[in-house]
Asks: 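Here it is, the structure in full.
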Amino acid sequence: MDSDFHCMTVVSERLLKDDIIELMKEEGAKGFSITDSVGEGSRGVHASDWEGRNVKIESIVHDETAKRILKRIADHYFEDYAVIAYTYPVTVVREQKFK
Amino acid sequence: MDSDFHCMTVVSERLLKDDIIELMKEEGAKGFSITDSVGEGSRGVHASDWEGRNVKIESIVHDETAKRILKRIADHYFEDYAVIAYTYPVTVVREQKFK
Amino acid sequence: MDSDFHCMTVVSERLLKDDIIELMKEEGAKGFSITDSVGEGSRGVHASDWEGRNVKIESIVHDETAKRILKRIADHYFEDYAVIAYTYPVTVVREQKFK
Amino acid sequence: MDALLSNFASPVVLAFALGIIARLVRSDLELPRPIYQGLSIYLLLAIGLKGGVALSQTPLSQFALPGLATLGLGILTPLTSYAILRYLGKIDRVNASAIAAHYGSVSAVTFIAAISYLNALGQTAEGFMPTLVAILEVPGIIVALLIPYRSNKGKGSIKKALHEVLTGSSIVLLVGGVVIGAIAGEAQFESVSPFFVAGFQGALVLFLLELGMTTAKRLGDLKKVGPFLIVFGIAVPIIHGVLATWIGLQVGLSVAGASVLAAMVSSGSYIAAPAAVRIALPQANPTYYLTASLGITFPFNITLGIPLYVEVATRFAAWM
Amino acid sequence: MDALLSNFASPVVLAFALGIIARLVRSDLELPRPIYQGLSIYLLLAIGLKGGVALSQTPLSQFALPGLATLGLGILTPLTSYAILRYLGKIDRVNASAIAAHYGSVSAVTFIAAISYLNALGQTAEGFMPTLVAILEVPGIIVALLIPYRSNKGKGSIKKALHEVLTGSSIVLLVGGVVIGAIAGEAQFESVSPFFVAGFQGALVLFLLELGMTTAKRLGDLKKVGPFLIVFGIAVPIIHGVLATWIGLQVGLSVAGASVLAAMVSSGSYIAAPAAVRIALPQANPTYYLTASLGITFPFNITLGIPLYVEVATRFAAWM
Amino acid sequence: MDALLSNFASPVVLAFALGIIARLVRSDLELPRPIYQGLSIYLLLAIGLKGGVALSQTPLSQFALPGLATLGLGILTPLTSYAILRYLGKIDRVNASAIAAHYGSVSAVTFIAAISYLNALGQTAEGFMPTLVAILEVPGIIVALLIPYRSNKGKGSIKKALHEVLTGSSIVLLVGGVVIGAIAGEAQFESVSPFFVAGFQGALVLFLLELGMTTAKRLGDLKKVGPFLIVFGIAVPIIHGVLATWIGLQVGLSVAGASVLAAMVSSGSYIAAPAAVRIALPQANPTYYLTASLGITFPFNITLGIPLYVEVATRFAAWM
Ligand SMILES: Nc1ncnc2c1ncn2[C@@H]1O[C@H](COP(=O)(O)O)[C@@H](O)[C@H]1O
Ligand SMILES: Nc1ncnc2c1ncn2[C@@H]1O[C@H](COP(=O)(O)O)[C@@H](O)[C@H]1O
Ligand SMILES: Nc1ncnc2c1ncn2[C@@H]1O[C@H](COP(=O)(O)O)[C@@H](O)[C@H]1O
Ligand code: NA
Ligand code: NA
Ligand code: NA
């Protein structure tokens with residue numbers, strides 16, 4: 001078992017889905033899982049009110065990768081878009097799957 | 001980066017959704033995300049069998065807030081309703097978003 | 001509050017849903033929550049492309065239980081199926097609910 | 001007898017049976033939830049609209065007595081149900097009123113099934129019947145929920161429960177449909193009638209397929225609820241149904257109208273009532289009330305109950 | 001006047017009102033999202049198909065002028081909107097062009113409501129109108145979005161926004177439907193017409209029920225957007241609508257056709273435009289543009305606007 | 001030739017093309033999954049019901065031979081497919097039987113498309129054809145899956161796979177529909193026929209729009225599967241189709257009936273078979289079997305194959 005891995009989680013308006021996945025892959029994520037989500041945050045209405053729901057994107061990545069993704073998402077999207085991001089350590093087996 | 005934050009998670013029958021969100025806001029949660037969920041637990045049939053699915057409510061909140069929410073949910077709802085609650089530490093950036 | 005508990009998480013093609021739940025119960029899980037999920041991983045196309053989405057199965061279980069489930073899922077399913085599994089520690093109240 | 005057989009050969013009843021069988025053989029057949037919800041919105045709005053158009057052509061005088069009678073039955077039936085559950089069944093106060101709330105209210109699908117059954121026999125009930133469904137839906141729930149609250153046994157919020165039932169989607173769609181239909185009238189309704197009228201029976205087939213699958217889940221709980229509740233779930237509808245037939249004829253309904261009223265009054269709610277009861281009486285056990293109303297009374301009514309009420313209404317009418 | 005009243009009694013408008021009321025009384029009524037999406041696919045494809053079948057029977061000469069006029073209006077209206085927002089409303093450049101993009105594009109539902117309204121009056125617009133919707137949808141958005149980009153105020157990607165709007169589902173379904181309808185022709189279309197024609201009005205009722213609920217959410221934002229935008233959301237449609245009526249008649253459209261063109265031109269998009277604007281101008285505030293187009297202009301148009309344009313078109317035609 | 005062209009102008013085939021194009025231009029168009037599932041439940045139940053009503057009017061003697069022939073073809077086609085894949089294509093045992101299972105079973109949509117195509121030509125196949133679909137669906141899968149198990153190459157559970165395919169939703173709906181239709185008979189079926197018959201072709205348009213989008217995803221995998229499988233996916237349906245046409249006519253089917261049988265037999269399953277194969281042979285690569293049956297054979301059949309089988313059947317019949 002190996003605990004150098006993190007679950008990198010992003011909840012954002014649906015619009016950003018493809019961009020965020022691309023960003024994650026660029027930083028080295030090998031896979032991801034997406035669930036539909038609705039929510040409320042600090043912002044008032046956002047386009048997703050009309051266009052559809054939020055997405056929650058999760059990717060099991062290496063520690064360092066998570067840090068880089070977290071930073072890039074904050075830099076690029078926090079100002080203008082409805083998005084939050086966080087990460088937490090997880091234990092996996094057969095770590096080669098995520099590298 | 002800041003790790004005094006927790007992801008407060010509640011899985012409950014849909015009926016309680018609005019009440020639990022209200023409770024979380026009262027305790028200081030600044031936002032939340034909801035996903036649909038189905039499940040099975042210690043209870044047998046519950047109304048959500050018929051009425052719809054469970055909801056999973058997640059909120060990134062401060063450490064202390066999570067503790068208070070956890071306690072209040074256990075006290076108010078554990079006896080009569082289909083609900084579980086747990087919390088785990090997460091790392092966020094730009095913590096002001098959650099305070 | 002008690003932190004000997006873990007959230008055991010499995011993301012797999014829908015096909016395996018019932019088998020994985022059975023496996024979890026055999027190992028002592030007392031409940032679980034399922035959400036719909038779509039994703040991409042190391043494998044290319046898998047049957048779920050056509051048949052439906054992935055499922056994300058989460059179960060709050062004791063530390064030791066999580067370890068056993070993780071191992072069995074890796075042994076049985078990692079080779080031929082689209083599935084990942086990981087676990088992380090959570091804090092719960094009224095632990096008897098999960099034992 | 002013939003009529004009974006023909007009921008078993010109706011696509012609607014057969015689809016219900018297919019749903020049960022699909023579950024029993026553990027098929028993966030599943031009507032997606034949004035489709036099920038969409039169908040139920042469609043069905044409720046459709047009966048509301050048709051009822052509204054009919055109501056716009058009904059003089060108030062003709063509607064007043066049946067309306068009052070329905071209200072009276074809505075108040076009476078939860079009380080009789082409660083008394084039987086409590087004193088014959090020895091069921092505790094909270095669970096007794098939880099179940100009584102269901103039998104005080106109405107199952108819209110049973111109502112629809114009754115209408116369809118009569119259509120197949122070539123009979124038509126009064127056009128304002130959907131309005132009676134709306135009248136019947138709420139009071140019985142309130143009456144039953146008040147029982148434990150009067151004795152401080154309620155842990156939940158009766159105010160919330162009341163709001164839930166009054167603004168629940170079935171009431172909004174039924175009453176909303178009736179009002180829209182009444183304002184629009186026949187001419188304006190024509191443009192939407194291929195959608196809401198011609199498609200109705202077929203949509204009902206899909207809906208009952210799903211309801212069959214849901215019922216099958218409940219059947220597994222039959223042994224949990226015990227023999228008393230099973231007898232209750234068949235005997236009480238018969239009692240209430242026969243009573244409603246008689247009263248319906250007395251207040252001037254046709255044989256078809258009295259039969260439909262009987263189907264409504266005898267039925268147990270399984271949408272509005274469970275939601276309200278869960279809020280007002282969270283400590284009541286849903287296995288009891290869901291199994292009784294959905295697992296026993298509903299299948300009984302759509303197979304044997306409705307033909308029975310029509311038979312009884314026909315005989316009563318012949319005497320009168 | 002009579003026509004106006006009859007519009008308020010149409011099931012479609014009444015369903016919209018019911019949706020608003022359901023939200024105001026905090027009902028739990030909800031049309032599941034997949035149903036809503038399915039309905040909008042159905043409605044767009046249906047108007048495309050019908051338009052295509054009609055187009056296959058229209059000589060190009062008859063269609064050329066109205067097509068060009070629509071294109072011209074699609075370029076003009078975002079500019080007038082922008083000017084009014086910027087110089088009368090003192091709204092900043094980014095938000096002004098975000099809102100202008102919505103009024104340059106078109107609301108397909110307003111178009112459909114206009115067609116239905118005219119049908120109820122016994123009038124029929126030219127069959128190629130859906131093609132005009134497709135022509136009108138895109139240019140206005142592009143024109144409006146180019147304004148801030150010319151002055152380096154755009155932070156998002158206009159290329160992505162363009163792709164979004166050109167391949168957005170409404171364009172694909174409308175244009176695709178028109179092409180399918182034109183290739184298939186009347187004979188082949190017959191087999192699918194019970195589904196796409198007979199069911200249309202009824203499906204629209206369900207759709208507007210949901211749109212009423214969405215609009216109600218927007219109504220709460222009315223105070224946030226201030227009085228200028230409220231006046232804007234009513235006055236600008238009237239200006240654009242009257243202009244379009246006049247031009248429509250000049251290029252040879254019938255009274256019905258000119259009225260429908262007016263409804264289209266005056267309407268604000270709330271599907272294609274918000275998506276594109278969110279991508280191209282993420283810093284613009286969605287509360288402004290969504291509330292204006294969906295919360296103000298849409299309800300105005302389907303209740304008062306459309307009857308007004310028909311009235312104006314009738315009078316213009318009498319003068320000419 | 002004319003018939004072929006008219007097939008390309010049918011709304012159903014054009015909608016399939018639109019679906020492919022929508023994906024190629026990367027449109028965000030998407031039919032929500034629950035709608036897709038709802039439509040497929042509707043379509044399967046509808047063909048079952050219609051078939052059942054027809055069956056109730058068919059003497060057993062007329063049905064026995066075609067039924068047996070279909071069963072025989074269901075056992076033969078997976079074996080020919082396997083032999084070709086294994087010995088001409090040099091594909092390993094597991095993947096060969098995985099693919100063979102698909103060609104042994106049947107694509108219900110291809111069946112429906114054949115029925116529709118013939119209707120457009122003014123021809124009607126025997127009413128009991130849906131029953132043949134049910135007979136054809138299962139045996140081919142079992143035969144193909146038994147091959148690797150006999151030689152201990154199966155890692156999964158063939159028992160589970162069998163249960164899956166026997167209780168799969170397509171079998172339950174088809175067989176259930178046939179039984180309901182047969183019991184209900186023509187008179188009882190009338191009330192649901194506007195929903196299940198009149199709406200059918202239109203619903204099929206929406207369904208094929210989605211199937212076009214799914215197919216487009218598969219097209220990207222064409223290079224992964226290599227030239228052999230592409231040739232296989234066209235040649236084998238032709239072989240099986242021509243054979244089935246001949247046999248169909250021999251056992252007394254009409255030209256239309258034999259053509260529909262050919263479409264069924266030649267088609268590759270992409271709902272029941274993938275699920276069963278995934279369970280019984282998890283190590284087989286889904287890219288191969290999904291791309292072959294859905295990416296190659298299905299589009300071939302609904303555009304060129306079906307008109308070809310009709311042509312062949314017509315000529316065979318002329319000889320006989
Ligand atoms: N504290 C929070 N906890 C969980 N989810 C949140 C939180 N804040 C925001 N979200 C989610 O992120 C989305 C965007 O948030 P915001 O940018 O704050 O409007 C919301 O719609 C929620 O789904
Ligand atoms: N051990 C568990 N792990 C994850 N989810 C659970 C667990 N126990 C219960 N749940 C979820 O919580 C809901 C209510 O549980 P209960 O109150 O035990 O019936 C269930 O329907 C599940 O969705
Ligand atoms: N690194 C990852 N992080 C999150 N989810 C993943 C990851 N890799 C795979 N998945 C999920 O697990 C499923 C199967 O993955 P795979 O077996 O790698 O094809 C995918 O469809 C994803 O939903
Ligand atoms: Na009742
Ligand atoms: Na416009
Ligand atoms: Na085949």
Side-chain angles (χ1 to χ4, degrees), chain E residues 31-46 48-50 52-53 56 160-200 202-203 271-272 275-276 279, chain F residues 3 5-39 42-43 46 112-113 115-122 193-210 212-213 216:
Chain E
L31 193 71
R33 216 174 163 77
I35 301 292
Y36 171 78
Q37 293 170 312
L39 280 174
S40 76
I41 290 174
Y42 165 83
L43 293 171
L44 286 165
L45 195 59
L49 287 170
K50 279 182 282 182
V53 172
S56 74
K160 270 194 196 166
L162 210 69
H163 180 265
E164 173 81 23
V165 73
L166 281 172
T167 68
S169 52
S170 46
I171 282 289
V172 167
L173 289 165
L174 263 180
V175 174
V178 165
V179 172
I180 293 180
I183 298 180
E186 191 134 33
Q188 291 258 22
F189 182 65
E190 212 170 292
S191 67
V192 301
S193 112
F195 186 78
F196 284 111
V197 177
F200 192 84
I271 300 185
I279 294 172
Chain F
L5 271 184
S6 99
N7 192 36
F8 278 107
S10 100
V12 167
V13 172
L14 289 168
F16 182 72
L18 178 60
I20 293 183
I21 292 169
R23 265 292 162 278
L24 295 184
V25 302
R26 312 180 122 259
S27 165
D28 63 355
L29 178 63
E30 206 176 345
L31 193 71
R33 211 167 170 82
I35 300 293
Y36 170 79
Q37 294 170 314
L39 280 174
Y42 166 83
L43 293 171
I112 296 173
I115 295 275
S116 303
Y117 175 72
L118 284 158
N119 282 353
L121 297 184
S193 112
F195 186 78
F196 284 112
V197 176
F200 191 83
Q201 290 293 328
L204 194 56
V205 165
L206 283 190
F207 194 78
L208 278 176
L209 179 67
E210 167 65 24
M213 293 192 271

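Proteins get letters first, then strands, A, B, ... in listed order; numbering begins at 1 in each. Please read these numbers as outputs of a predicted model, since none were measured by experiment.
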Asks: Which heavy-atom pair separates E/T167 from F/S27 by the least distance, and what is that distance?
Replies: O-OG, 2.6 Å
Asks: Could you tell me which residues in residues 39-46 of chain E have at least one non-hydrogen atom under 4.5 Å from a non-hydrogen atom of chain F, sorted by residue number?
Replies: E/I41, E/L45
Asks: Are the side chain of E/S169 and the backbone N or O of F/L29 linked by a donor-acceptor pair below 3.5 Å?
Replies: no
Asks: Restricting to non-hydrogen atoms, name the atom on F/V25 and the atom on E/H163 that form the minimum distance, rounded to 0.1 Å.
Replies: O-NE2, 3.2 Å
Asks: Less than 4.5 Å to any heavy atom of chain E: does that hold for the side chain of F/L31, its backbone, both, or neither?
Replies: both
Asks: With a 4.5 angstrom heavy-atom cut-off, is it the side chain or the backbone of F/P34 that approaches chain E, or both, or neither?
Replies: side chain
Asks: Going by side-chain hydrogen bond (donor to acceptor under 3.5 Å, both in side chains), name the pairs with one or both residues in residues 183-197 of chain E, residues two or more places apart or in two chains.
Replies: E/Q57-E/E186
Asks: So which atom in F/P11 and which in E/I180 form the shortest heavy-atom distance, rounded to 0.1 Å?
Replies: CA-CG2, 4.1 Å
Asks: Does the side chain of F/L14 reach to within under 4.5 Å of the side chain of E/V179, using non-hydrogen atoms?
Replies: no
Asks: Test of understanding: with side chain to side chain donor-acceptor pair (under 3.5 Å), list the residues that count as partners of E/S170, not counting sequence neighbours.
Replies: E/E137
Asks: Is E/I35 close to chain F through its backbone or its side chain, or both, or neither, when contacts mean heavy atoms under 4.5 Å?
Replies: both
Asks: Among all residues two or more places apart in sequence or in another chain, which pass the side-chain contact (heavy atoms from CB on, under 4.5 Å) test with F/A113?
Replies: F/I302, F/I306
